[in-house]
Amino acid sequence: MTEGGHSRAPLSFSFSELSAPPHLRHGEAAALGSGARVCRPPVFVYPTRFNGSTKSTMPKIKSLCNACKESFSVDGPISEEALQRVLTKLDKIRPSDVGLEQEAYIARNWNNPSRDTNGRREPNGTNQDMPPIKYLHIHECETFSMGIFCMPPSSIIPLHNHPGMTVLSKLLYGKLHVESYDWIDVKDQTEQLEARPAKIVKDSEMSGPQTTVLFPDRGGNIHTFRAITPCALFDVLSPPYLAGVGRDCSYFRKSSLNEPPALNSSEVVWLEELEDHQPPEGFSVTRGAYKGPIIR
């Protein structure tokens with residue numbers, strides 16, 4: 001993998017490693033911090049000029065963080081109204097609020113006629129020779145986490161889930177293709193790695209800016225993304241990944257299992273979980289530098 005002109009070994013990546021320890025497993029991911037953390041009020045403000053005088057203005061990212069602290073618990077959003085407050089704040093975030101003005105400009109002017117406008121993946125969910133994805137870590141505590149995935153064209157975030165989590169996402173700029181699924185309840189489903197039926201929630205392109213939300217049991221909790229242009233996906237997770245309490249990230253692939261006639265539908269696919277919460281071979285993410293206002 002190459003980042004900033006320097007050669008580096010690929011990092012086998014799990015979404016769980018973006019969360020606070022103790023479940024960090026790889027050396028580079030350990031740079032995200034150590035020890036459990038508790039939410040504290042962000043302290044960063046910008047001084048701005050107004051009629052010749054200096055006036056303190058709260059950055060939008062700090063306002064979003066404050067809303068998250070007030071609206072989320074260790075079990076997720078405390079109410080529908082609280083969730084809506086966070087969505088409203090997130091919807092106002094722009095690339096300039098998180099230090100991505102230049103990247104957004106490049107995406108707006110990006111033109112590559114050879115790109116795959118259908119956002120297709122390799123067969124059976126595999127990912128071959130993917131460009132590196134950068135993760136910009138912003139903040140994490142016991143009730144929520146915030147970070148941004150910066151995806152080059154043709155890069156793929158493989159099929160994965162968010163167990164027991166509510167996920168708010170803002171596509172800050174660019175275009176991507178998303179496939180998302182929710183489980184279909186089937187009796188006598190006992191083996192964890194056995195293929196399970198899932199209904200298709202979305203199979204389409206998204207263009208930024210656009211804000212979405214998904215829930216533990218609906219809205220497309222199992223999903224995969226492929227970047228069509230350079231793009232940035234801002235994620236707010238509540239609660240964050242934590243393997244010790246059952247919120248580890250699992251990865252999936254489409255199964256060749258023959259569907260029972262009762263579930264044989266164009267809207268149904270069968271998914272099987274990859275072993276030991278490991279991502280598909282070749283999936284790698286590097287730690288990027290977050291250049292926006294610091295949240296402490």
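Count residues from 1 along the sequence. The structure presented is a predicted model; accordingly, all values stated were derived computationally and were not measured.
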A.B. asks: With sequence neighbours excluded, tell me which residues meet side chain to side chain contact (heavy atoms under 4.5 Å, CB included) with Pro163.
C.D. replies: Asn161, Met165, Tyr241
A.B. asks: Which heavy atom in Gly174 sits nearest to a heavy atom in Thr229, and how many Å separate them?
C.D. replies: CA-OG1, 3.3 Å
A.B. asks: Apply side chain to side chain contact (heavy atoms under 4.5 Å, CB included) to Ser71 and list each qualifying residue two or more places apart in sequence or on a separate chain.
C.D. replies: Ala82, Arg85, Val86
A.B. asks: For the pair Glu101 and Lys291, evaluate salt bridge (Lys or Arg N to Asp or Glu O under 4.0 Å) and give the outcome as yes or no after the intermediate values.
C.D. replies: CA-CA 10 Å; Glu101 303 98 319; Lys291 298 177 290 185; over 6 Å; no
A.B. asks: Assigning hydrophobic clusters by single linkage (Ile, Leu, Val, Met, Phe, Trp, Tyr; side-chain heavy-atom cutoff under 4.5 Å), is Phe144 placed with Ile294?
C.D. replies: yes
A.B. asks: May I ask you to decide whether Glu205 forms a salt bridge with Arg226, counting only side-chain N to carboxylate O separations under 4.0 Å?
C.D. replies: no
A.B. asks: When you group the ILVMFWY residues by side-chain heavy-atom contacts below 4.5 Å and let the links chain together, are Val201 and Val269 in the same group?
C.D. replies: no
A.B. asks: Does the side chain of Leu159 reach to within under 4.5 Å of the side chain of Glu179, using non-hydrogen atoms?
C.D. replies: no
A.B. asks: Can a donor-acceptor pair be found, under 3.5 Å and without considering hydrogens, that links the side chain of Ser155 to the backbone of Pro132?
C.D. replies: no
A.B. asks: Mind checking the OH-NZ spacing from Tyr181 to Lys199? Nearest 0.5 Å is all I need.
C.D. replies: 14.0 Å
A.B. asks: One thing to verify: whether Lys134 and Glu103 come together as a salt bridge, which I'm taking to mean a side-chain N less than 4.0 angstrom from a carboxylate O.
C.D. replies: no
A.B. asks: Does any part of the side chain of Val213, heavy atoms only, come nearer than 4.5 Å to the side chain of Thr166, both counted from C-beta?
C.D. replies: yes
A.B. asks: Does the structure place the NZ or CZ of Arg108 under 6.0 Å from the centre of the six-membered ring of Tyr105, at an angle of no more than 45° from the ring's axis?
C.D. replies: no
A.B. asks: If the plane angle is over 60° it's perpendicular, under 30° parallel, otherwise tilted; pick one for Phe252 and Trp183.
C.D. replies: perpendicular
A.B. asks: Please name all residues satisfying side-chain hydrogen bond (donor to acceptor under 3.5 Å, both in side chains) with Asp91, sequence neighbours left out, ordered by chain then number.
C.D. replies: Thr211
A.B. asks: If you compare all heavy atoms of Trp110 against all heavy atoms of Pro153, which two are closest, and at what distance to 0.1 Å?
C.D. replies: CZ2-CG, 3.6 Å
A.B. asks: Going by side chain to side chain contact (heavy atoms under 4.5 Å, CB included), name the residues that satisfy it together with Leu171, two or more places apart in sequence or in a different chain.
C.D. replies: Leu176, Met206, Cys231, Leu233
A.B. asks: If you round to the nearest 0.5 Å, how far is CG of Leu83 from CZ of Phe215?
C.D. replies: 5.5 Å
A.B. asks: Testing the basics here: between Leu271 and Ala198, what is the closest heavy-atom pair and its distance to 0.1 Å?
C.D. replies: CD1-CB, 3.9 Å
A.B. asks: Is the backbone N or O of Lys202 less than 3.5 Å from a side-chain atom of Ser180, with the two atoms forming a donor-acceptor pair by type?
C.D. replies: yes
A.B. asks: With sequence neighbours left out, what residues match Ser169 under side-chain hydrogen bond (donor to acceptor under 3.5 Å, both in side chains)?
C.D. replies: Asp235
A.B. asks: Is a side-chain donor or acceptor of Asp182 paired with a backbone partner of Gly220 at a separation under 3.5 angstrom?
C.D. replies: yes
A.B. asks: Quick one: are His177 and Phe225 in side-chain contact, heavy atoms under 4.5 Å?
C.D. replies: no
A.B. asks: Contact between Pro152 and Pro230 at the side-chain level, heavy atoms closer than 4.5 Å - yes or no?
C.D. replies: no
A.B. asks: State whether a side-chain donor-acceptor pair under 3.5 Å links His162 with His160.
C.D. replies: yes
A.B. asks: Considering residues at least two apart in sequence or located in another chain, which fulfil the side-chain hydrogen bond (donor to acceptor under 3.5 Å, both in side chains) criterion with Lys89?
C.D. replies: Ser63
A.B. asks: Flag yes if Ile78 and Leu64 sit in one hydrophobic cluster, no otherwise; membership is Ile, Leu, Val, Met, Phe, Trp, Tyr, and two members link when side-chain heavy atoms are under 4.5 Å apart.
C.D. replies: no
A.B. asks: About how many Å separate OG of Ser96 and CD of Gln102, when rounded to the nearest 0.5 Å?
C.D. replies: 13.5 Å
A.B. asks: Check whether Trp270 forms a cation-pi arrangement with Arg196 (NZ or CZ under 6.0 Å from the six-membered ring centre, at most 45° off the ring normal).
C.D. replies: no
A.B. asks: So for atom NZ, which belongs to Lys60, do other residues, nucleotides or ligands contribute more than 12 heavy atoms lying within a distance under 6.0 Å?
C.D. replies: yes
A.B. asks: Looking at Asn221 and Arg218, would you say the former's side chain and the latter's main chain have a donor-acceptor pair under 3.5 Å?
C.D. replies: no
A.B. asks: Do Phe234 and Leu168 have side chains that approach each other closer than 4.5 Å (heavy atoms only, starting at C-beta)?
C.D. replies: no
A.B. asks: Step by step, would you call Glu272 with Arg253 a salt bridge (Lys or Arg N to Asp or Glu O under 4.0 Å)?
C.D. replies: CA-CA 6 Å; Glu272 57 186 22; Arg253 62 188 171 206; 2.7 Å; yes
A.B. asks: Using only atom types and a distance under 3.5 Å, with no angle test, would you say the side chain of Ser145 pairs donor to acceptor with the backbone of Pro240?
C.D. replies: no
A.B. asks: So do Thr286 and Ile133 actually touch side chain to side chain, heavy atoms under 4.5 Å?
C.D. replies: no
A.B. asks: Pairing donors with acceptors under 3.5 angstrom, does anything connect the side chains of Glu273 and Ser250?
C.D. replies: yes
A.B. asks: First locate atom CD1 of Ile148, then atom OH of Tyr135, and finally report the distance between them rounded to the nearest 0.5 Å.
C.D. replies: 8.5 Å
A.B. asks: Can you name the nearest heavy-atom pair linking Ile61 to Met146, along with the distance?
C.D. replies: CD1-CE, 4.2 Å
A.B. asks: Do any N or O atoms from the side chain of Lys170 and from the backbone of Gln210 form a donor-acceptor pair under 3.5 angstrom?
C.D. replies: no
A.B. asks: Side-chain contact test, heavy atoms from C-beta onward, threshold under 4.5 Å: evaluate it for Leu100 versus Cys150 and give yes or no.
C.D. replies: yes
A.B. asks: So do Phe283 and Ile156 actually touch side chain to side chain, heavy atoms under 4.5 Å?
C.D. replies: no
A.B. asks: Just verifying a value: how many Å separate Leu274 CG and Glu281 CD, rounded to the nearest 0.5 Å?
C.D. replies: 11.5 Å
